[in-house]
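Below, chains carry the letters A, B, ... as their sequence lines are ordered, and counting in each starts from 1. FYI, side chains are in, hydrogens and waters are out, and symmetry mates aren't considered; it's all heavy atoms of this structure.
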There are 2 protein chains.
Amino acid sequence: MEDQEIRKAGLKVTAPRLKILELLEKCGERHVSAEEVYRLLLADGEEIGLATVYRVLTQFEAAGLVERHKFEDGYSVFELNRGEHHDHIVCVTCGKVEEFLDETIEQRQREIAAERGYEIGDHSLIIYGRCRDSECPNRSKK
Amino acid sequence: MEDQEIRKAGLKVTAPRLKILELLEKCGERHVSAEEVYRLLLADGEEIGLATVYRVLTQFEAAGLVERHKFEDGYSVFELNRGEHHDHIVCVTCGKVEEFLDETIEQRQREIAAERGYEIGDHSLIIYGRCRDSECPNRSKK
DNA sequence: CAGGAAATGAGAAGCTTTCGCATGCGCTGG
DNA sequence: CCAGCGCATGCGAAAGCTTCTCATTTCCTG
């Protein structure tokens with residue numbers, strides 16, 4: 001199961017790493033912060049340190065297992081890498097994050113990079129707006 | 001001259017604010033960090049505090065005089081707002097930043113936000129790549 | 001099963017950015 | 001032109017997120 005993914009990344013299979021991976025799987029499309037992972041695991045009875053969470057998430061990112069996103073709030077959020085690239089649309093009022101993918105935009109980006117002599121690596125497109133159901137009173141819940 | 005822009009923003013015209021504005025004008029398209037503004041002004045013989053630089057830049061941003069960008073490095077960079085929106089392509093090797101604007105992409109973004117019921121506010125598109133002349137040995141010069 | 005390398009937890013430290021407060025300065029009304 | 005109020009400044013302290021340090025524990029190979 002998850003053991004293999006961790007081993008494939010060249011990392012030892014340890015309890016913290018397994019737990020974090022499980023948690024991320026359970027979170028699905030939801031984006032979680034390191035702090036949140038930490039608190040959820042503590043609440044789950046795990047004995048884990050915040051530093052370990054950061055370390056492991058960084059290692060997972062390097063191994064391509066998870067993706068790290070930085071929105072304007074300043075801190076990072078993580079999600080399992082499901083292989084398919086996507087961009088984000090964020091509601092500035094309630095903090096909700098949706099994902100999307102638009103081939104027209106992807107294509108134009110490749111062209112723009114090529115025109116300017118860049119070997120394209122990655123990109124980040126984030127649309128900030130206000131979602132329709134912005135009655136949402138839960139501002140910045142982190 | 002610049003006095004008017006500051007006054008229009010509802011701010012008192014003071015030496016620090018004038019100097020920062022001048023400096024940004026001199027920088028043109030270059031993106032500078034708060035720290036950099038601070039050091040450049042000190043080097044120029046100004047007596048200024050880092051906190052003031054941050055405060056003034058934040059006020060200028062609120063007034064629409066400057067734009068703040070956050071790249072993946074973690075800290076913010078600023079540039080004078082010349083009125084025309086643009087996106088960025090950043091070289092991950094040398095840190096060079098170029099600007100571009102693509103109407104096809106802009107258009108698709110508006111459509112995507114509309115489709116999903118968002119009142120679009122702003123957006124941030126950053127392409128990370130490696131530029132052709134990446135012999136550039138000046139990694140992260142901040 | 002033993003030994004060595006790698007991983008962990010806790011706290012300290014780092015970095016950017018903001019805050020609090022006493023002092024200083026720009027600006028408006030007299 | 002001057003006085004006085006209040007915003008602006010500078011400094012140091014502090015906040016918030018993330019990384020580092022290091023002694024201890026855990027995993028894994030042989």
Side-chain angles (χ1 to χ4, degrees), chain A residues 2-21 23 31-39 41-42 44-63 65-66 68-78 95 140-142, chain B residues 1-21 23 31-39 41-42 44-63 65-78 95 140-142:
Chain A
E2 291 106 354
D3 295 31
Q4 297 316 311
E5 312 201 57
I6 295 177
R7 233 180 283 272
K8 237 187 308 179
L11 300 169
K12 280 190 185 174
V13 178
T14 65
R17 302 219 249 241
L18 276 173
K19 292 299 176 187
I20 291 174
L21 201 46
L23 185 91
H31 298 66
V32 288
S33 66
E35 178 77 27
E36 209 170 345
V37 169
Y38 174 62
R39 282 194 282 102
L41 289 181
L42 279 192
D44 218 34
E46 294 303 317
E47 189 166 298
I48 197 170
L50 184 53
T52 301
V53 173
Y54 274 104
R55 259 184 313 233
V56 170
L57 285 173
T58 301
Q59 292 159 341
F60 282 0
E61 183 193 14
L65 281 178
V66 311
R68 175 196 304 247
H69 303 293
K70 286 194 163 121
F71 301 140
E72 300 261 309
D73 322 68
Y75 57 86
S76 300
V77 291
F78 300 83
S140 84
K141 52 172 179 14
K142 185 178 183 178
Chain B
M1 345 212 320
E2 291 105 353
D3 296 31
Q4 296 317 312
E5 312 201 55
I6 295 178
R7 234 181 282 273
K8 236 187 310 180
L11 301 168
K12 281 189 185 173
V13 178
T14 65
R17 301 217 251 242
L18 276 173
K19 291 300 177 185
I20 290 174
L21 201 47
L23 185 90
H31 297 65
V32 288
S33 66
E35 178 76 27
E36 209 171 345
V37 169
Y38 174 61
R39 282 193 282 102
L41 289 181
L42 279 192
D44 218 34
E46 294 304 316
E47 189 167 297
I48 196 169
L50 183 53
T52 301
V53 173
Y54 275 103
R55 260 184 311 233
V56 169
L57 286 173
T58 301
Q59 293 159 342
F60 282 1
E61 183 193 14
L65 281 178
V66 311
E67 287 188 347
R68 176 197 303 248
H69 303 293
K70 286 193 164 122
F71 302 141
E72 300 261 309
D73 322 68
Y75 57 87
S76 300
V77 292
F78 301 83
S140 83
K141 52 174 175 21
K142 186 178 185 181

Quiz item: Phosphate oxygens OP1/OP2 of D/dT18: is one of them under 4.0 Å from a side-chain N or O of A/Tyr54?
Solution: yes
Quiz item: How long is the line joining CD of B/Gln59 and P of C/dT17, in whole Å?
Solution: 16 Å
Self-check item: 5' precedence on DNA chain C between B/Ala34 and A/Gly49 (nearest-nucleotide basis)
Solution: A/Gly49
Practice problem: Please state how far atom NZ in B/Lys70 lies from atom P in C/dC15, giving the value in whole angstrom units. | Solution: 19 Å
Quiz item: Given D/dT18, C/dT8, C/dT17, which nucleotide is nearest the side-chain atoms of B/Tyr75?
Solution: C/dT17
Quiz item: Are the side chain of B/Arg17 and the backbone of B/Lys12 linked by a donor-acceptor contact shorter than 3.5 Å?
Solution: yes
Quiz prompt | Integer-rounded Å distance: D/dT9 C1' and B/Tyr38 OH | solution = 13 Å
Quiz item: Would you call B/Leu65 and B/Gln59 a side-chain contact if the rule is heavy atoms closer than 4.5 Å?
Solution: no
Quiz prompt | Results of side chain to side chain donor-acceptor pair (under 3.5 Å) for A/Thr52 - residues two or more places apart only | solution = A/Arg55
Exercise. Measure from CG on A/Leu42 to C1' on C/dA10 and round the result to the nearest Å.
Key: 13 Å
Quiz prompt | Minimum heavy-atom distance between B/Val32 and B/Glu36, given as atom pair plus value | solution = CA-OE1, 3.6 Å
Quiz item: Closest nucleotide of DNA chain D for B/Val56 versus for A/Thr58: which of these residues is on the 5' side?
Solution: B/Val56
Quiz item: What string of B, S and - do you get for nucleotides 24-30 of chain D, 5' to 3', if B is base contact, S is sugar-phosphate-only contact and - is no contact with any protein heavy atom under 4.0 Å?
Solution: ---BS--
Quiz item: On DNA chain D, nearest-nucleotide positions of B/Leu50 versus B/Arg17: which is more 5'?
Solution: B/Arg17
Self-check item: Between P of D/dC17 and CZ of A/Phe71, the distance in whole Å
Solution: 16 Å
Self-check item: Polar side-chain atom of A/Lys70 near backbone of B/Gly74 as donor-acceptor pair, under 3.5 Å
Solution: no
Exercise. Check the distance between C/dA7's C1' and A/Phe60's CZ and give it to me in whole angstrom.
Key: 12 Å
Quiz item: Do the side chains of B/Phe78 and B/Val37 get nearer than 4.5 Å, heavy atoms only?
Solution: no
Quiz item: Tell me, do B/Val66 and B/Ile20 make a side-chain contact under 4.5 Å, heavy atoms counted?
Solution: no
Exercise. Return the nearest nucleotide to the side chain of B/Ser76; candidates are D/dC17, C/dA7, C/dT17.
Key: C/dT17
Exercise. Provide the closest heavy-atom pair for B/Ala34 versus B/Leu50 in the form atom of the first, atom of the second, distance.
Key: O-CD1, 4.2 Å
Quiz prompt | Relative orientation of the end axes in the helix from C/dC1-D/dG30 to C/dG30-D/dC1, expressed as an angle to the nearest 10° (five pairs per end) | solution = 30°
Practice problem: For residues B/Glu35 and B/Val53, determine if any side-chain heavy atom of one lies less than 4.5 Å from a side-chain heavy atom of the other. | Solution: no
Within the sub-3.5 Å range, which N or O atoms of nucleotides 20-22 of chain D have a protein N or O partner, and how far apart are they?
residue	atom	partner	partner atom	Å
D/dT21	O4	A/Arg55	NH1	3.4

Quiz item: Residues two or more places apart in sequence or in another chain: which of them pass ring pair (Phe, Tyr, Trp, His ring centres under 6.0 Å) with B/Phe71?
Solution: B/His88
Practice problem: Applying side chain to side chain donor-acceptor pair (under 3.5 Å), name anything that partners B/Arg7, two or more places apart in sequence or on another chain. | Solution: none
Self-check item: Nearest-Å distance for atom pair CD/P, residues A/Glu46 and C/dA7
Solution: 19 Å
Quiz item: Rounded to whole angstrom units, what separation is found between the CD atom of B/Glu61 and the C1' atom of C/dT18?
Solution: 14 Å
Quiz item: Which atom names give the shortest non-hydrogen contact between A/Tyr38 and A/Gly49, and what distance separates them?
Solution: CE1-C, 3.7 Å
